[in-house]
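Okay, structure first, notes after.
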Amino acid sequence: MPEGDTVLQTAARLHAALAGRVLTHADLRVPRFATADLSGRTVLDVTARGKHLLTRVEGGLTLHSHLRMDGAWRIYAPGERWRGGPGHQIRAVLTNTDHTAVGYRLPVLELLRTSEESKAVGHLGPDLLGPDWDLDLAVERLLAAPDRPLGEALLDQRNLAGIGNVYRCELCFLARVTPWLPVGALPDGTLPRLVALAHRLLDANRDRPTRTTTIRAERRPRPSAPPPTPPKRPLPPLRVQEPLYVYGRGGRPCLRCGTPIRKIDQEDRPTYWCPACQAGPTPSTAPGPHSS
């Protein structure tokens, strides 16, 4: 599931394949921009902003895309078979002499002036993996709606940019509260520590092919990064080494206490939590522990 770390990796791959090279072919398969021709222009850079991708092109243009739930950019060598999905799912093709980048199932694809990028990403809060990261501002924005459920507030990209459903579930587990607990009901000092942990987890996963939120990722900073501040209380011990604590583990035993993890689907998003480890309200319609 594309979240801030995945999108950053996608931006890095696109940048390596496209930046500094002239487009020999460009095809935007959305009605509004179907006649736009970017061929002959040099790609300047590809940048991630939260869960958004900005491909900047010579001439003051930016191709803005968003992966949402199942969008993807794939990169192919000349003559290589495209394997990202059927042709009708292709929304963009960018080709130079060395690579072709193909965008599949992109729910957002628009061409705008680089000077007007704020129209696409100006609403975003501090980027957890960006140069504008500001813990205090993220906490301030989260606290602006103290009655809002924590899980919902974490997903709101206007508060902090980069968290998706996987991190939402994992962070609530690590905070030992349910996603439905109001932000203002968190114990004193919990929210700043939780936001700092969110930054640390995404940063730890920015270069990893497989996302992990378990203890090894939390305690292993990248070589170029300073050591993280130790948490105020011990992290849950792992019974076995698995990449995630609760997400995708409905019906399986909690890694900390052994209680079956619960799952509920709300607004097309599955939510996972441990009913023993996490305090706070839960939906009355939550299914039993054997849901997966």
Side-chain angles (χ1 to χ4, degrees), residues 3-4 125-128 133-205 212-219 221 226-239 244-247 249-250 253-264 266 269-286 289:
E3 304 198 17
D127 186 345
L128 283 152
W133 172 241
D134 186 329
L135 185 149
D136 292 336
L137 178 57
V139 170
E140 178 183 331
R141 292 194 175 190
L142 288 164
L143 287 174
D147 295 331
R148 195 175 190 186
L150 175 62
E152 181 182 311
L154 290 173
L155 285 177
D156 190 335
Q157 303 299 295
R158 295 170 297 182
N159 292 329
L160 64 174
I163 290 178
N165 198 37
V166 176
Y167 281 114
R168 174 185 73 128
C169 294
E170 295 295 295
L171 286 164
C172 289
F173 174 81
L174 288 164
R176 302 190 183 187
V177 297
T178 67
W180 301 280
L181 185 74
V183 172
L186 286 167
D188 289 345
T190 297
L191 189 60
R193 291 197 297 271
L194 181 62
V195 172
L197 179 59
H199 176 245
R200 192 158 79 245
L201 285 178
L202 266 76
D203 190 62
N205 282 295
T212 178
T213 61
T214 51
I215 202 165
R216 292 183 184 178
E218 294 161 30
R219 292 181 177 174
T229 303
K232 296 289 185 180
R233 55 185 173 182
L235 295 168
L238 284 178
R239 294 188 172 193
L244 302 172
Y245 283 111
V246 292
Y247 190 87
R249 303 190 68 251
C254 172
L255 297 177
R256 178 175 178 268
C257 73
T259 301
I261 297 298
R262 301 190 73 182
K263 173 196 173 186
I264 187 171
Q266 293 180 310
R269 282 195 183 96
T271 299
Y272 299 86
W273 79 100
C274 174
C277 293
Q278 294 174 250
T282 59
S284 58
T285 55

Shortest non-hydrogen contact from [X] toward [Y]:
X	Y	result
Pro126	Ala138	CG-N, 4.0 Å
Pro270	Arg168	O-NH2, 3.7 Å
Pro283	Ile264	CB-CD1, 3.7 Å
Gly280	Leu181	CA-CD1, 4.2 Å
Gln278	Val246	OE1-CG1, 4.3 Å
Leu194	Ala175	CD1-CB, 3.9 Å

* To do: Inspect the surroundings of CZ in Arg141 and state if more than 12 heavy atoms from other residues, nucleotides or ligands are less than 6.0 Å away.
  => yes
* Passes side-chain hydrogen bond (donor to acceptor under 3.5 Å, both in side chains), Arg262 versus Thr282? Steps please. -> CA-CA 10 Å; Arg262 301 190 73 182; Thr282 59; 5.5 Å; no
* Would Asp156 and Arg148 pass as an ion pair if we require N to O under 4.0 Å? -> yes
* Rounded to the nearest 0.5 Å, what's the gap from CG on Leu135 to CZ on Arg193? Could you check? => 12.0 Å
* Residue from Leu186, Leu150, Val195 passing side chain to side chain contact (heavy atoms under 4.5 Å, CB included) with Leu142 -> Val195
* To do: Check whether any side-chain N or O of Glu170 sits under 3.5 Å from a backbone N or O of Tyr247 as a donor-acceptor pair, and report yes or no.
  => yes
* **Any donor-acceptor N/O pair, Asn159 side chain to Leu154 backbone, under 3.5 Å** => no
* **Pair Asn205-Tyr167, side-chain hydrogen bond (donor to acceptor under 3.5 Å, both in side chains): steps then yes or no** => CA-CA 11 Å; Asn205 282 295; Tyr167 281 114; 3.2 Å; yes
* To do: On the 0 to 90° scale, with breaks at 30° and 60°, tag the Trp273-Trp180 ring pair as parallel, tilted or perpendicular.
  => perpendicular
